[in-house]
Amino acid sequence: MIYKNELIHIKKEKSEIPWLIIFTNENIKEFSQCSFEIKTEILRCLDIIEKEMLAYYKPEKINIASFGNYVPHVHFHVMARFKDDSFFPEPMWGKKQREANLDLPSFESFCEKLKDKF
């Protein structure tokens with residue numbers, strides 16, 4: 001866990017790419033069921049994470065995904081994507097395109113730096 005407050009928490013996803021997931025603390029099934037305060041907090045954190053990933057990693061694209069068929073709990077995936085990652089341009093859940101050997105700056109250092117932004 002890299003951040004938690006009374007509304008949301010943010011966890012790291014183990015992956016070859018920088019990948020964070022924002023969860024609501026309360027077990028809410030749909031984004032439309034979230035309070036205005038929770039929606040605002042999710043969007044605030046999404047904005048911070050995206051901007052920081054763009055500045056730190058200089059990725060080809062930031063992917064933001066929200067679906068919860070297996071985990072029916074509001075959460076958003078935020079991923080920095082690179083032309084040379086294993087799945088690009090497919091989604092990370094798609095068909096693997098190649099064996100990647102990315103040489104990225106430290107994800108642990110990024111997460112430590114990110115903590116100060118929330």
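Please read these numbers as outputs of a predicted model, since none were measured by experiment. Side-chain atoms are counted along with the backbone in the values below, which use heavy atoms only and exclude waters and symmetry mates.
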Quick check on K11: does its NZ atom have over 12 non-hydrogen neighbours (other residues, nucleotides or ligands) under 6.0 Å away? no
About how many Å separate [atom2] of [Y] and [atom1] of [X], when rounded to the nearest 0.5 Å?
X: I10; Y: I42; atom1: CD1; atom2: CD1; result: 10.0 Å
X: S109; Y: L114; atom1: OG; atom2: CG; result: 12.0 Å
X: M92; Y: H77; atom1: CE; atom2: NE2; result: 11.5 Å
X: K117; Y: K51; atom1: NZ; atom2: NZ; result: 11.0 Å
X: I49; Y: F76; atom1: CD1; atom2: CZ; result: 11.5 Å
X: I64; Y: L43; atom1: CD1; atom2: CG; result: 9.0 Å

For the residue pair E41 / N5, report whether a side-chain donor-acceptor contact shorter than 3.5 Å exists. yes
Donor + acceptor pair across side chains of N25, H9 (<3.5 Å): yes
Linking I/L/V/M/F/W/Y whenever their side-chain heavy atoms sit closer than 4.5 Å, directly or via other members, would [X] and [Y] fall into one cluster?
X: Y3; Y: I38; value: yes
X: I21; Y: W93; value: yes
X: F118; Y: L54; value: yes

Exam field: side chain [X] to backbone [Y], donor-acceptor pair closer than 3.5 Å:
X: E16; Y: S86; result: yes
X: K58; Y: A55; result: yes
X: R81; Y: P89; result: no
X: H73; Y: F23; result: no
X: D47; Y: R44; result: no

Validation row: [X], [Y] side chains within 4.5 angstrom (heavy atoms):
X: P59; Y: F88; answer: no
X: I28; Y: S35; answer: no
X: E112; Y: I2; answer: no
X: C111; Y: K12; answer: yes

Report the C-alpha distance between F87 and K95 in whole Å, list the side-chain angles of each, state the deciding distance to 0.1 Å, and finish with yes or no for side-chain contact (heavy atoms from CB on, under 4.5 Å). CA-CA 6 Å; F87 292 86; K95 184 180 176 191; 6.0 Å; no
Of the non-hydrogen atoms in P18 and F82, which two are nearest, and what is the gap between them?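 It is CD-CE1, 3.8 Å.
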Kindly confirm or rule out a cation-pi arrangement of K39 over F31, judged by NZ or CZ under 6.0 Å from the six-membered ring centre and within 45° of its axis? yes
Please confirm whether Y57 and F110 have ring centers closer than 6.0 angstrom. yes
Can you tell whether the side chains of E90 and K96 come within less than 4.0 Å, N to carboxylate O? no
Carefully, step by step, assess M79 and I62 under the rule side-chain contact (heavy atoms from CB on, under 4.5 Å). CA-CA 6 Å; M79 301 163 268; I62 298 293; over 6 Å; no
Please determine which of I22, I8, T24 meets the side chain to side chain contact (heavy atoms under 4.5 Å, CB included) test together with V74. T24
